[in-house]
Amino acid sequence: QVQLVESGGGSVQAGGSLRLSCVASGVAGSRNYCMAWFRQAPGKEREGVARIYIGNDYAEYADSVKGRFTISQEKAGNRNIVLLQMMSLKAEDAAMYYCAAMPGGCLMRFAGADFPLWGQGTQVTVSS
């Protein structure tokens with residue numbers, strides 16, 4: 001059974017940085033996963049932030065975070081670890097951030113409904 005556990009959220013001033021981590025266990029070392037970070041702020045719709053295909057490190061970003069966020073992945077035994085390095089944080093980046101996983105390759109569209117596996121979320125607060 002695949003489990004996703006996020007960490008790394010916190011409170012930071014605008015312009016600061018945070019690194020989020022998502023440990024995916026139970027994937028038995030599979031490289032055929034699309035891993036993503038989503039976020040949702042109060043009163044707003046869930047937004048796809050960045051995604052990466054584990055098999056070849058192909059990554060894509062939402063326009064709102066391009067140039068500021070970097071998604072990457074590491075492997076530790078039978079676990080995949082997906083990192084989201086966030087820099088130059090803005091007030092509008094504040095949200096609950098969720099890690100999500102989808103077996104197989106990343107689809108053409110980037111939609112949360114396509115991801116069957118989710119973590120519990122980690123809160124990011126940005127003060128101006």
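Every heavy atom of this structure was used, including side-chain atoms; hydrogens, water molecules and symmetry mates were not.
- Atom SG of C34 and atom CG of L117 lie 11.5 Å apart (nearest 0.5 Å).
- Hydrophobic clustering (ILVMFWY, side-chain heavy atoms < 4.5 Å, transitive): M35 and L20 are in one cluster.
- Inter-residue side-chain proximity for Y97 and M86 is flagged as met; some heavy-atom pair is nearer than 4.5 Å.
- The backbone N or O of I71 sits less than 3.5 Å from a side-chain atom of Y61, completing a donor-acceptor pair.
- A 4.5 Å side-chain heavy-atom check between F115 and F38 finds at least one atom pair inside the cut-off.
- A heavy-atom distance below 4.5 Å is found between the side chains of V82 and W37.
- Listed by chain and number, the residues in a side chain to side chain donor-acceptor pair (under 3.5 Å) with R68 are D93 (sequence neighbours excluded).
- Between S128 and A14, the closest heavy-atom pair is CA-CB, 4.2 Å.
- The distance from atom CE of M87 to atom CZ of F69, rounded to the nearest 0.5 Å, is 11.0 Å.
- Shown here is Q123, whose CD atom has more than 12 heavy atoms of other residues, nucleotides or ligands within 6.0 Å.
- When all heavy atoms of S88 and S17 are compared, the closest pair comes out as N-OG, 4.3 Å.
- Between R39 and the options V124, V65, T122, a side-chain contact (heavy atoms from CB on, under 4.5 Å) holds for only V65.
- Here CE of M96 is found 9.0 Å from OG1 of T125. Values are rounded to the nearest 0.5 Å.
- Across all non-hydrogen atoms, the minimal contact from A41 to A95 is N-CB, 3.8 Å.
- Linking ILVMFWY residues whenever their side-chain heavy atoms come closer than 4.5 Å, directly or via other members, places Y98 and M102 in the same cluster.
- The distance from the SG atom of C22 to the CD atom of E6 is 5.5 Å, given to the nearest 0.5 Å.
- Of all heavy-atom pairs spanning A62 and G48, the tightest one is CB-O, 3.3 Å.
- Separating the CD atom in Q85 from the OG atom in S21 is a distance of 11.5 Å, to the nearest 0.5 Å.
- Note: L83 CG to C99 SG = 10.0 Å, rounded to the nearest 0.5 Å.
- Side-chain contact between K90 and V126 is absent, with no heavy-atom pair separated by less than 4.5 Å.
- Without hydrogens or angle criteria, Q120 side chain to V5 main chain gives no donor-acceptor distance under 3.5 Å.
- Taken together through direct or relayed side-chain contacts under 4.5 Å among Ile, Leu, Val, Met, Phe, Trp and Tyr, V12 and L84 form part of one hydrophobic cluster.
- In this view, E60 and R51, Y58 satisfy the side chain to side chain donor-acceptor pair (under 3.5 Å) rule, not counting sequence neighbours.
- A distance-only check finds a donor-acceptor pair linking the side chain of R31 to the backbone of I54 [under 3.5 Å].
- Counting only N and O atoms by type, the side chains of E92 and S64 include no donor and acceptor under 3.5 Å apart.
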